Amino acid sequence: MELLAPAGSFECAKAAVSAGADAIYMGGPLFSARAYAESSIDGGNNEIKQGDPETDPLMKSIKFCHLHNVKVYMTVNTLMKDREMEDIASYLRPYVDLHVDAFIVQDLGLLSELKKSFPDIPIHMSTQAAVTGRRYAGRLLEMGVSRVVPARELSLKELKEIADTGIEVEAFIHGALCYSYSGQCLMSSFLGGRSGNRGRCAGPCRLPYEVYDENLRRMGLPEEQYVLSMKDLCTLPRLSELEEAGVCSLKIEGRMKSPVYVAGVTSIYRKWLDGKYDGATMENDLAGLRGIFDRGGFTDKYLDSHNGRDMITLYEKEERKPSEMEIAEEIKERFVGNDEKKKITVSAFISIGNAAMLTLKTDDGRYSVTVSGPVVSEASKRPITKEDVKDKIMAFGNTSFEPVGEDIYVEEGAFLPVSALKELRRNAADELEKRILESFG
C-alpha cells in the first residue's frame, strides 16, 4: 500500500520524503482546499511566483520528490467559477511540464476540462466530493477518474464495496475529522463567509458551544463545550484490515500542519507498514502519535459504525506535557531541515587518446548516465593524478547528489585540464537529474 503524506510547504515535503512517504499531496498557489497553507499565495510569502522553479513551493517539491522516487499529487480541489475555468490550463501547465503525477479534484466541470487538456495525467476524486458509495464511484470510473478518496465517514465494508468497482481507493488513515461530510458543510460559509469549498474553512466546529433543549434547559456538563469537535482519526492498529478492504493508498491528513507533525506521523506509519518495529510496541507508538498531536484522543469508529458520543472531544485539550515536547524535538532532529540528497556512485575513466568518461549511478541502481568529455592528451609537463581527478569530479556541492562511492582510473602520464573535469561533472549531474525527472513523465 502507498503511504501518502500531506505537504503544505516545501519544508513539509522534504520532511515527508525523509520520513518515508511514497507520495505527497500538495496544493499550488490557487484552487486548493487549503488556501492558507504556505504553498498558497495567501501563505504570507510575497516572493512566491507561480510556476517558478526557484520560488514556487510546489514546483520545488515536485523536483525534490521525484529525485527521491516519491510521487506528487496536486490538489485542485475547490469548486470552480466559470471565469476561473478559462485560464485553468495555463495555470496548470508548469506543473504538467514538470511531470506532476496526478490531479486531485472536486469539481466535475474541472474534471471534464482536465481530461481534454491533459488526458495523460491521472485524476483522483477528492474527499471534498463526498463519495459514499459504489454507484457514484463506478460512474466516476466511467468518466475517467482513476482513483477516489471516499468520504471519511465510511466503514471498512463500504470501502470494500467501492474498491470492488475496480477504481483505486485512497483512504484517510490519520488526522482531523470533520463533523459534517467534507465538501457538504456550509457552516463556515454561513457564519463567516469563508467557504470550505473554496479552501477557506474557518473551523467553527472546533469552537466551544452551549447546547440547550427545546425547553431551553442546558444539556450536558458545563465543561462539555466542544460538542462538534471530532477526535482525530487514528488507524495504526488496523492497517491490515484496510488492505483487506482493497485500499491502495493510505492518506495522512494535515496540509496545515508543521513539518514535525508530517514527519512524525509518516515515520510511525512507515515503520508499521514495513514491519520494522525494532522492539517498539503498538501502545508506545500510539502514545507517540498522541504526543505529536491529537484533539483529546483518537477514534477509528467510522471503520465499524456511523456515529457515537465517544468520537467527540467534548473537553478542552490539556496543555502539552514535557514528554510530548521531547517527542517533537526528537522528530525535528531526525527528519526536519535535512536537505537529503540522492546518493550516487561515481566512475571515471581517463586514458590517453580516448575521450574522458564519467558515469554516475544512483545508489538504488535505478538510474545511470555516462557522459564523455574531450580527448585525453599525454602530459608535456605535470600529468594529472588520480587525486586531482577525485578532487574535482566528487565535488557535487550545490547539486541534488551526494557521492558515496567511487571507481576512478587515470592512466599514468595523462593530462586533462581542470576546467574539463568540472564541466564533465556538471554535464553528468545535469543529465542524471534530467533522466530521473523524465522517468515520471
Side-chain angles (χ1 to χ4, degrees), residues 1-6 22-25 27 31-33 71-80 100-185 196-197 199 233 235 238-253 255 300-307:
M1 290 187 290
E2 173 186 84
L3 183 58
L4 176 59
D22 297 308
I24 69 163
Y25 63 103
F31 313 126
S32 169
K71 293 182 178 181
V72 180
Y73 306 142
M74 181 181 181
T75 57
V76 202
N77 57 341
T78 61
L79 294 181
M80 307 289 292
V100 70
D101 296 281
F103 293 126
I104 303 175
V105 306
Q106 172 189 8
D107 193 298
L108 293 178
L110 176 60
L111 164 62
S112 177
E113 183 63 33
L114 292 179
K115 294 305 293 182
K116 288 187 292 186
S117 299
F118 309 111
D120 296 328
I121 306 293
I123 304 295
H124 300 174
M125 186 56 62
S126 172
T127 193
Q128 291 289 118
V131 178
T132 58
R134 59 179 294 120
R135 292 181 63 187
Y136 190 2
R139 181 68 182 114
L140 290 171
L141 186 61
E142 294 172 357
M143 295 171 67
V145 174
S146 61
R147 180 184 294 188
V148 66
V149 190
R152 283 171 251 198
E153 293 78 9
L154 300 193
S155 66
L156 289 167
K157 179 177 178 292
E158 290 166 321
L159 290 173
K160 188 176 189 312
E161 289 174 351
I162 291 176
D164 286 344
T165 65
I167 200 167
E168 293 181 357
V169 174
E170 177 183 299
F172 278 96
I173 58 166
H174 195 93
L177 289 171
C178 294
Y179 188 83
S180 179
Y181 286 114
S182 296
Q184 306 298 305
C185 180
N197 283 314
L233 173 66
T235 65
R238 310 191 67 175
L239 299 181
S240 61
E241 294 175 76
L242 287 162
E243 184 174 19
E244 290 171 5
V247 173
C248 72
S249 180
L250 304 174
K251 187 170 193 172
I252 299 167
E253 184 276 337
R255 278 194 290 141
D300 61 2
K301 291 298 177 63
Y302 275 139
L303 296 182
D304 304 304
S305 59
H306 288 294
N307 52 49

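Keep in mind it's a predicted model, so treat the numbers as computed, not measured.
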Tell me the closest heavy-atom pair linking [X] and [Y], and the distance in Å.
X	Y	value
Thr165	Ala137	OG1-CB, 4.4 Å
Gln106	Ser126	N-CB, 4.3 Å
Gly246	Val169	O-CB, 4.3 Å
Leu159	Ala171	CD1-CB, 4.4 Å
Arg134	Glu161	NH1-O, 3.1 Å
Ala151	Thr132	CB-CG2, 3.9 Å

Handout entry: For Tyr302, the option from Thr235, Leu177, Leu154 that meets side-chain contact (heavy atoms from CB on, under 4.5 Å)
Key = Leu177
Problem - side chain to side chain contact (heavy atoms under 4.5 Å, CB included) assessment of Glu170 paired with Leu4 - result: CA-CA 9 Å; Glu170 177 183 299; Leu4 176 59; 3.3 Å; yes
Are [X] and [Y] close enough that some pair of their side-chain heavy atoms sits under 4.5 Å apart?
X	Y	answer
Ser249	Glu168	no
Glu241	Leu303	no
Lys251	Thr127	no
Arg238	Asp300	yes
Met125	Leu111	yes
Leu108	Leu140	yes
Thr75	Arg255	yes
Met80	Glu113	no

Practice task
In sequence, state the C-alpha distance, the side-chain angles, and the governing distance for Leu242 and Leu156, and then conclude on side chain to side chain contact (heavy atoms under 4.5 Å, CB included).
Solution key: CA-CA 7 Å; Leu242 287 162; Leu156 289 167; 3.8 Å; yes
Could you give the distance from [atom1] ([X]) to [atom2] ([Y]), rounded to the nearest 0.5 Å?
X	Y	atom1	atom2	value
Tyr25	Ile104	OH	CD1	8.0 Å
Leu233	Ile173	CG	CD1	8.0 Å
Ser155	Lys160	OG	NZ	12.0 Å
Phe172	Ser182	CZ	OG	7.0 Å
Leu141	Ile162	CG	CD1	12.0 Å
Leu110	Ile123	CG	CD1	7.5 Å

Check for a donor-acceptor pair, side chain of [X] on one end and backbone N or O of [Y] on the other, with a separation under 3.5 Å.
X	Y	result
Gln128	Asn77	no
Asp101	Val72	yes
Arg152	Ala176	yes

Handout entry: Heavy-atom neighbours of Phe118 CZ exceed 12 at 6.0 Å
Key =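 Count over threshold, so yes.
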Practice task
Please assess Val105 against Val145 for the test side chain to side chain contact (heavy atoms under 4.5 Å, CB included), listing each intermediate value before the final yes or no.
Solution key: CA-CA 10 Å; Val105 306; Val145 174; over 6 Å; no
Exercise for the section: Using distance alone, with no hydrogens and no angle criterion, decide if Ser180 and Gln184 have a side-chain donor and acceptor under 3.5 Å apart. Expected result: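 Result is no, nothing qualifies.
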